[in-house]
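The block underneath contains the structure these notes are about, expressed in structure tokens.
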Amino acid sequence: MEPLEQICSRLLARFPGAEVSVLPNPGPAAQHSLLVGRASVREIAEFLRDDPLLRLDYCSNATGVDWPEKVIVDVTKVTTPDPAGGPPKVSEVKTERLQPGYLEVVYHLYSMELRHGPVVLRTRTVNRTDQASVPSLTPVWRSAEFQEREIFDLFGVVFEGHPDLRRILMWDGFKDHPMRRDYVEPEDYEWEPTPHGDLVEKAKRARPPVKGGEPVA
Amino acid sequence: MLGTGLLQGLAVTAKNFAGSFHDPKRLTTVEYPEKKSVIPEAFRNFPFLVSENAEDPMGTLRCVACQICEKECPPQCIYIEKSKDKKPDASGKMQIYPAVFRIDSSVCMNCQICVEVCPFDAIKMDHVYEIATSERFETLLLDRHDLAKPNSYFHQIRPLEAAEVDGRLTAERKAAEEKAKAAALAKAALAAKPAAPAPAAPPKPPEQA
Amino acid sequence: MSPFDASPLSPSGGAHVRSVVDEFHGDLLEVSMGPHHPSTHGVFRMIVTLDGERIVKLKPVLGYLHRNHEKIGESTSYLGSMPYTDRLDYLNAMTNNWAYALAVERLGGLAVPERAEYLRVILAELSRLQNHVCLAGFLLQDTGASGTPLMYAFREREKILELFESLSGSRMMCNFQRFGGCRTDASSEWLGQVSSLVNGFGAFLDEFEELITGNEILMARTQGVGVMKGPAAVSAGITGPMLRACGVGYDIRKVDAYGIYPRFTFRVPIGSHGDTYDRYMIRILEMRESIGILQQALRDIPAGPIMDPKAKLRGFRPKPGESYGRIEGPKGEIGFYLISDGSANPYRYRVRPPSFVNLTLLEDLCLGHTIADSVVILGSIDIVLGEVDR
């Protein structure tokens, strides 16, 4: 298979306005990925599927990744010349900036016809709250149908154009998305004797001790 | 001809039926409560704590409450509290011991990771399987008294592994003893050199059985 | 809301059959099959809309066994997730372990010694044998061949599970692979036992096929039922025997050449009709190929270490990065996608379950067939709910 950089440059030539870049993977696996902007992900997916050199006709895995917002500290070195003529002073200036959180959808694409892969395709939502949507790739690869439903269910990514976007693993009345990093599980389990202090504490909060009723340790 | 496949299949069934009366290869089941099938040595079901001595299980636990298994246990079913004081272990070294060691056997999933990570060969997997109880809460939370089983039991259920562990531990203890002896000698020699009065040798802890 | 929109929890709480009216078909009947139904291989539910006895709509409802396996994986160390992978597809702990170990080895850049690679192949192929033989039994049970073929299959499966037990300590929850090798070494007696089992397995398959493959009732129940076309299957991400039954020769053992599979000569059976009978036959043929792989592996297995000396059991912290590792499990492609942020737990731990994705085409396969056929079609997909629901 051609290198990812070449695919990227071909995509940029074919779709001039599209946001496409190669996201390197620093680990030993070296499976780098193709980061594609929301607006053009559908066309690019169709191109990847139909291009005679790639023919990525099989979407093996579709999954979500939650990247909550985090504070990044930038350290910049500032050199101030000493007016007395001595060596210049070097001081570090720390600036904090808030990297906005987003949800990422990752697709692992293979070609069954040409037997190569994987090409890792990623796309991101604007944020994790009101603009958590990306175009659905189910019209391109049907194998994304259940997997995108699962991502919607567990991460809360809304897939525009999905034929049947409902919860799949959790029940319909369920609120919240359990795979998000900031998900807090509800304290609704029964009391059980457990050796663990924090679980016992939680259980006590969930079911406060009653006199003459439930024995609570 | 339609039906030959059916008749062929019926012939196989008939052969198996007849065979089940005399051919041991076709007799695969065991009448369980009366007879029991042989358990392989590697079989694992629930951990137990190895104690050196059957008479004094609490005093001779190999466990030194290092809490590695507690940390590594995937379902977090182990709970350990370290002791405040120290007790001599099998090689005579003063060690912390587990004041509380509990395993919630309703949570344990028999994965053997506690055994693999234990650096002291103190926790091993058991062969028990008839462990049904009629009470869900208290009897399934095992404490160190329930968990302690002597080394002789370990030899009984896993002869190969136990022999290997014992050989290794004996060698280690011997090496540690020799090292301590050599260190004591060197210390004594060092102390003898200056004209200062040589310090008395540290009191040797009582040897364990 | 159209009359077809079935709610996954029936509002009445107990009524599982209701009639829906459709202006084209007249009176339709909506039947909730499962979650507690012997034909659904676990707690799986299909909301089936029937026109007479023909299925006009089928919606699978999943999640009854959902325990958020992926979240557990993210709050457990890399090693700690290994025993949890046993519980995904609980018939094939060995291949689940291997897929997970492969993904972690790629993430951490670990090598696997020769002997461990051979052991992995032997265990994976044994696992394939017992999975396929189980499936053949379950499928025949679903067609109405009560008991006999299933019990014959289980007799043979039990022998393989006993081998797993004497090596790993547990029949099904093996927890055997480690990152950079295997947990325990196989003795020569054990390998001898495997050898005698493998040599006898062909005779069992002959007997099993004589029992049922030519059976006219089986043919009538399965031929032409649930036909799947190759392009649709590729698009829907169907993998494993399901895919090969409709004529697409895609086997990850050949394509990715992971482990030491290129050293073995074996063929990939391919079906031509894509119906349920083909899916049954593919499994039988794959078992015969697995026997060949096992014989080659048992002949060539070298002596040597079984763990990479670089690999650490505890405190495994791979460098930041990600990896996707997949193998050809007995049910299809089982993959693990891991993202490391350099800490002791994975930042993201994802399982790509074959049975879950293979269910995508269930409705398409069942449309137009009778409700009895839907049971057979579901049986031929080979799902395990531990893996579908995770």
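These numbers come from a predicted model, not from an experiment. Convention: sequence-line order gives letters A, B, ...; per-chain numbering from 1.
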Criterion side-chain contact (heavy atoms from CB on, under 4.5 Å) on C:L361 and A:R142, from CA distance to verdict: CA-CA 9 Å; C:L361 281 187; A:R142 185 139 179 233; 3.1 Å; yes
Derivation and outcome, side chain to side chain donor-acceptor pair (under 3.5 Å), residues A:Y58 and C:E333: CA-CA 12 Å; A:Y58 164 45; C:E333 172 184 333; 2.4 Å; yes
Stepwise side-chain contact (heavy atoms from CB on, under 4.5 Å) check, A:E150 with C:R390: CA-CA 11 Å; A:E150 187 189 323; C:R390 281 158 301 155; 2.7 Å; yes
side-chain contact (heavy atoms from CB on, under 4.5 Å) between A:V65 and C:Y347, worked out: CA-CA 9 Å; A:V65 188; C:Y347 183 80; 3.9 Å; yes
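Contact count versus chain C (heavy atoms, under 4.5 Å) is highest, among A:H116, A:R122, A:M170, for A:R122. When each of C:R106, C:R348, C:E70, C:H66 is scored by its heavy-atom pairs under 4.5 Å with chain A, the top score falls to C:R348. Between chain A and the residues C:N358, C:L107, C:D389, C:V234, the most heavy-atom pairs under 4.5 angstrom are made by C:V234. The residue among A:Q147, A:M179, A:E145 with the most heavy atom pairs within less than 4.5 Å of chain C is A:M179. Options C:G109, C:G108, C:G63, C:A236 differ in how many heavy-atom pairs under 4.5 Å they form with chain A, and the most are formed by C:A236. With respect to chain A, the highest number of heavy-atom pairs below 4.5 Å among C:I238, C:V388, C:L65, C:T239 belongs to C:T239.
For a residue to count as touching a neighbouring chain, one of its non-hydrogen atoms must lie under 4.5 Å from one of that chain's; by this rule C:E74 touches chain A with the side chain only. Using a 4.5 Å cut-off between heavy atoms, C:N68 touches chain A through its side chain atoms alone. Proximity to chain C (any heavy atom under 4.5 Å) is shown, for A:N61, by both the backbone and the side chain. At a 4.5 Å heavy-atom cutoff, C:S340 makes no contact with chain A through either its backbone or its side chain. Contact annotation for A:A62: only backbone heavy atoms (N, CA, C, O) come within less than 4.5 Å of a heavy atom of chain C. With a 4.5 Å cut-off on non-hydrogen atoms, C:L62 touches chain A through its backbone and its side chain both. Interface remark: C:D364 contributes side-chain atoms only to the contact with chain A (heavy atom separation under 4.5 Å). Neither the backbone nor the side chain of A:R49 comes within less than 4.5 Å of any heavy atom in chain C.
Closest approach of A:S143 to C:V357, counting heavy atoms only: CB-CG1, 4.1 Å.
In this structure, a donor-acceptor pair under 3.5 Å is present between the side chains of A:S60 and C:Y324. With hydrogens and angles left out, the side-chain atoms of C:R352 and A:T63 include no donor and acceptor closer than 3.5 Å.
For the pair A:M112 and C:L243, the minimum side-chain heavy-atom distance is below 4.5 Å. Looking only at side-chain heavy atoms (C-beta outward), C:K59 and A:D164 come within less than 4.5 Å of each other. Considering only heavy atoms from C-beta on, C:E322 comes within 4.5 Å of A:V120 through its side chain. A:I168 has its side chain within reach of C:F356: a pair of non-hydrogen atoms, C-beta onward, lies under 4.5 Å apart. You'll find the side chain of C:K319 stays beyond 4.5 Å of the side chain of A:P26, heavy atoms only.
Between A:H108 and C:Y337, the ring planes lie perpendicular to each other; the angle is over 60°, past the 30° to 60° tilted range.
The backbone N or O of A:P178 lies less than 3.5 Å from a partner atom in the side chain of C:K71, making a donor-acceptor pair.
The number of heavy-atom neighbours closer than 6.0 Å to CD of A:E19, taken from other residues, nucleotides and ligands shown, is 12 or below. Heavy atoms of other residues, nucleotides or ligands lying less than 6.0 angstrom from CZ of C:R67 number more than 12.
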